[in-house]
S.K.: 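Right, I'll just put the structure down here and ask away after.
Since the structure is predicted, the reported quantities are computational estimates derived from the model, not experimental observations. Lettering follows sequence order; numbering is per chain, from 1.
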2 protein chains.
Amino acid sequence: MKRNSRFSLALHALAHIAAMAPTRPLTSGDIASHSGTNAVVVRRTLGALREHGLVTSEKGHAGGWRLTRPPEEITLADVYQALGERFLRLEVEGDENPPTCKIEIALLGQVDSALNDAEALLVSRLGKTTIAKLI
Amino acid sequence: MKRNSRFSLALHALAHIAAMAPTRPLTSGDIASHSGTNAVVVRRTLGALREHGLVTSEKGHAGGWRLTRPPEEITLADVYQALGERFLRLEVEGDENPPTCKIEIALLGQVDSALNDAEALLVSRLGKTTIAKLI
DNA sequence: AAATATGTAACTACGATAGTTACATTATAG
DNA sequence: CTATAATGTAACTATCGTAGTTACATATTT
C-alpha cells in the first residue's frame, strides 16, 4: 500500500482519460487495472473530481469517465485543490487543545507562516502544468 | 494522538531549554509534562537532535538536556533537518515498482519538481527564524 | 431481459506514529 | 556506598489514516 496516492492516481487517471479522449470513456475498471489499484478506489477518487466539475461519469453499458474540459485547461493545481489536498500542514492537534504556552504560540505562528508560503509556491508551480502536458 | 508532532515537540523543547538556560538543564520529564507528552518520546526526539550536535544530555542526578550553541545560532531549519523531516514528498511507493507507464513518469517528474521547489522554500523560510526568537 | 457501468456502505488490512512499560546504565548527593 | 534521579533503549500496545475488498443497489444500453 502507499500513502497519499490519491493525487497521483487522479492525475494518472485524468491523463489516460484525456489520451483516450474522443474514442470512448474509460471505466473505473480500466483505470484501476492500469494503475494497479482497485475500481472502487478509482471511483472514490474521481468522484471527488466530479464534485468539482473536472470530470463526468456515465452509468450503464458503454459508461465511464470523461473530462468536462479540454486537458489543456486542467492544471495539476486544479486537481490538487479539487481533492482538498494540503500537503503542508502542521498536524498538531490544533483542534481541541488550543495552545496556551506563549512559546508554543510563537512557534506555531512562525512555522505556519513558513508552511503557508511553501504551500502557496507549490500550488503556483502545479498551476503551470496541465494534464495535456503529461501526455 | 497527533501525527507528526516531532517537529513542534522538538522546537518547543529547545525553546524551553533555552529559556531555562543557565539555571539548570531540563529533564525529559519536565519537558514531557509541559508538552503534554511522554518522557520517553521526548528522549527519542531530543536524541535525534543530539546526534546532530544541537543538544547534549547528562545522565544521573541533576542531569538533563542543554543546548550546545546559543539559541540565536539554532534555526528552525537546523531542527527540521536534524530530524530528517521531509514534509513535501510524493509517497508513491517509488521503491519496488518503478513506474513504466510514460504518462506516470511524466507526471512524477512534474510533481516532484514542484514539490522540491516548495520544500526548498520551506527550508529557506525556516532558516530565517532562530530558537531565540521564539522566547 | 441480460449485460455492464457507476454509487456507496461496510468492512478488513496495513503502516506510521505516539504512547507505555520495564529495566539497564550512569551520575550525584548525602 | 547506598539511595536517588536521571538518561538509553527495547519491546509492546493503541490509534489513526488510508487503501483495498466485498457486496449490493441503481442506472443505462443492447
S.K.: Would you indicate, yes or no, if D/dG20 has its OP1 or OP2 atom less than 4.0 angstrom from a side-chain nitrogen or oxygen of A/Thr37?
M.R.: yes
S.K.: In residues 50-63 of chain B, which ones come under 4.0 Å of DNA chain D, going by heavy atoms?
M.R.: B/Arg50, B/Ser57, B/Glu58, B/Lys59, B/Gly60, B/His61
S.K.: Is the shortest side-chain N/O distance from A/Arg43 to OP1 or OP2 of C/dT6 below 4.0 Å?
M.R.: yes
S.K.: Please report, rounded to the nearest Å, how far the P atom of C/dT4 is from the CD1 atom of A/Ile31.
M.R.: 18 Å
S.K.: Transitively linked via ILVMFWY side-chain contacts under 4.5 Å: B/Leu90 with A/Leu88?
M.R.: yes
S.K.: Show me the donor-acceptor pairs, under 3.5 Å and distance only, between side chains in residues 39-46 of chain B and residues at least two apart or in other chains.
M.R.:
unit_1: B/Arg43; atom_1: NH1; unit_2: B/Ser28; atom_2: OG; d: 3.0
unit_1: B/Thr45; atom_1: OG1; unit_2: B/Val41; atom_2: O; d: 3.0

S.K.: When you check the phosphate oxygens OP1 and OP2 of C/dT4, does a side-chain N or O of A/Thr27 lie under 4.0 Å from one of them?
M.R.: no
S.K.: Is the distance between the ring centroids of A/Phe87 and B/Phe87 under 6.0 Å?
M.R.: no
S.K.: Verify side chain to side chain donor-acceptor pair (under 3.5 Å) between A/Asp30 and A/Thr27, making sure each step is shown before the conclusion.
M.R.: CA-CA 5 Å; A/Asp30 295 338; A/Thr27 71; 3.2 Å; yes
S.K.: Does B/Arg66 pair with B/Glu58 as a salt bridge, N-O distance under 4.0 Å?
M.R.: yes
S.K.: Report the distance from atom CG of A/Leu26 to atom C1' of C/dA5, rounded to the nearest whole Å.
M.R.: 13 Å
S.K.: Residues of residues 79-88 of chain A with any non-hydrogen atom less than 4.0 angstrom from an atom of DNA chain C: list those, numerically ordered, please.
M.R.: none
S.K.: In whole angstrom, what separates B/Arg44's CZ from D/dA10's C1'?
M.R.: 10 Å
S.K.: When you measure from the side chain of B/Arg6, which nucleotide among C/dG19, C/dA18, C/dT6 comes out closest?
M.R.: C/dA18
S.K.: Look at the side chain of A/Asn38 and decide which nucleotide, out of C/dT6, D/dG20, C/dA18, has an atom nearest to it.
M.R.: D/dG20
S.K.: If you define the side chain from C-beta out and look only at heavy atoms, does anything of B/Val123 sit under 4.5 Å from B/Gln81?
M.R.: yes
S.K.: Take the protein atom CG of B/Asp30 and the nucleotide atom C1' of D/dA5, then report the distance between them rounded to whole Å.
M.R.: 12 Å
S.K.: Ignoring backbone atoms, establish whether B/Ser5 has a side-chain N or O less than 4.0 Å from OP1 or OP2 of C/dA18.
M.R.: yes
S.K.: Please step through side chain to side chain donor-acceptor pair (under 3.5 Å) for the pair B/Ser113 and A/Arg125, ending with a clear verdict.
M.R.: CA-CA 9 Å; B/Ser113 148; A/Arg125 291 280 277 97; 2.5 Å; yes
S.K.: Just the rounded figure in Å: distance from P of C/dA16 to CZ of B/Phe7.
M.R.: 22 Å
S.K.: Backbone N or O of A/Thr75 within a donor-acceptor pair of the A/Asp78 side chain at under 3.5 Å?
M.R.: yes
S.K.: Please examine the side chains of B/His12 and A/Cys101, heavy atoms only from C-beta on, and report whether any two atoms are closer than 4.5 Å.
M.R.: yes
